[in-house]
Amino acid sequence: MLALTRKKGQSIMIADDIEIVVISITQDQVKLGIRAPREIPVNRKEIYLAIAESNREAKEAAAAAASAANSSKPGLFQKLKDLL
Amino acid sequence: MKIESVIFGELEINEDTIITFKGGIPGFSEEKYVIIEDEENKVFFWIQSIENPIVVLPLINARFFVEEYVPIINNPLFSETSEEDMAIYNIVKVTDNIEELTVNLKGPIVIDTKEKKGMQVVSDGDFSVKHQLFTGKSKKEAN
């Protein structure tokens, strides 16, 4: 991992269009500002990882339900629809 | 054009309906998707990668089931999207035990249907990644 030392108010550039600014520093927290093209997703890592895990689980569960139904139309979803 | 889906087999899709998710969605690097409405089953929708047949996830409109659910979408990608052009879906994890079915309220799939662009955003507010749809409980999240 590349490590760069920066002071409050200073920035780093990633490629041509992403800027990360150190806004403030306290004893154990740093506040960062991120300037990036708006189509670039920017998230706190722990939330990103929780959503990524949830997405992968949802994909696996749907594939398992579909193959259990042993047809192209997953029967489980019909059951669920009846409940909803 | 024709695409392949591990769940639906071969599908004929209209190229105008392809939505671009720049950078993919968390866990999947594929960027081009279509939303499939299950004709026989109007409750579920599917987000299907047009590039990778195995990337297909079921969706619902959680707002119709969870009364208090109002996601807060303040992502700049949608700052110019009007309300009628904005579609919001939530990814569902199905289980054999239907009571344990969970829906991701924290990270809705948001689409600008006019601009054909989408992103799985993180909603502000106290929402769960694994909300149990039938019991209203939120599973403890690993973080």
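Each chain gets a letter, A, B and so on, in the order its sequence line appears, and its residues count up from 1.
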For atom CD of B/E12, is the number of surrounding heavy atoms from other residues, nucleotides or ligands below 6.0 Å larger than 12?
yes
In this structure, CG of B/L77 is separated from CD1 of A/I40 (nearest 0.5 Å) by 10.5 Å
Proximal component of A/N43, with respect to chain B [non-hydrogen, under 4.5 Å]
side chain
Is the number of heavy atoms from other residues, nucleotides or ligands within 6.0 Å of CG (B/D126) greater than 12?
no
NZ on A/K59 to CD1 on B/I7, rounded to 0.5 Å:
10.0 Å
Residue pair A/R44, B/V122: steps toward the side chain to side chain contact (heavy atoms under 4.5 Å, CB included) verdict
CA-CA 9 Å; A/R44 292 176 177 86; B/V122 175; over 6 Å; no
Could you tell me the separation between the NZ atom of B/K117 and the CD atom of A/E39, rounded to the nearest 0.5 Å?
8.0 Å
Heavy atoms from other residues, nucleotides or ligands near CZ of A/R35 exceed 12 (cutoff 6.0 Å):
no
Nearest-0.5 Å distance that lies between atom CZ in A/R38 and atom CE in B/M119
10.5 Å
Sidechain N-carboxylate O distance under 4.0 Å for B/K93, A/E53:
no
For A/A58 and B/P58, the nearest pair of non-hydrogen atoms, with its separation, is O-CD, 4.1 Å
If I take atom OG1 from residue B/T95 and atom CD from residue A/E57, how far apart are they, to the nearest 0.5 angstrom?
11.5 Å
Is it the case that atom NZ in B/K116 sees more than 12 heavy atoms from other parts of the structure closer than 6.0 Å?
yes
Quick one: do B/V66 and B/V94 end up in the same hydrophobic cluster if we chain Ile, Leu, Val, Met, Phe, Trp and Tyr together by side-chain heavy atoms under 4.5 Å apart?
yes
To the nearest 0.5 Å, what is the distance between CD1 on B/I91 and CG on A/N55?
4.0 Å
Looking at B/N104 and A/S54, what are the two nearest heavy atoms and their distance?
ND2-OG, 4.0 Å
Between A/Y48 and B/G27, the two heavy atoms sitting closest are OH-N, 3.9 Å
If I measure from the heavy atoms of chain B, does A/I47 come under 4.5 Å with its side chain, its backbone, both, or neither?
side chain
Joint cluster assignment, B/V121 & B/L59, ILVMFWY side-chain distance < 4.5 Å:
no
Which atom names give the shortest non-hydrogen contact between A/A50 and B/V129, and what distance separates them?
O-CG1, 3.9 Å
Same cluster or not: B/L11 versus B/I47, using hydrophobic residues (I, L, V, M, F, W, Y) connected whenever any side-chain heavy atoms lie under 4.5 Å apart?
yes
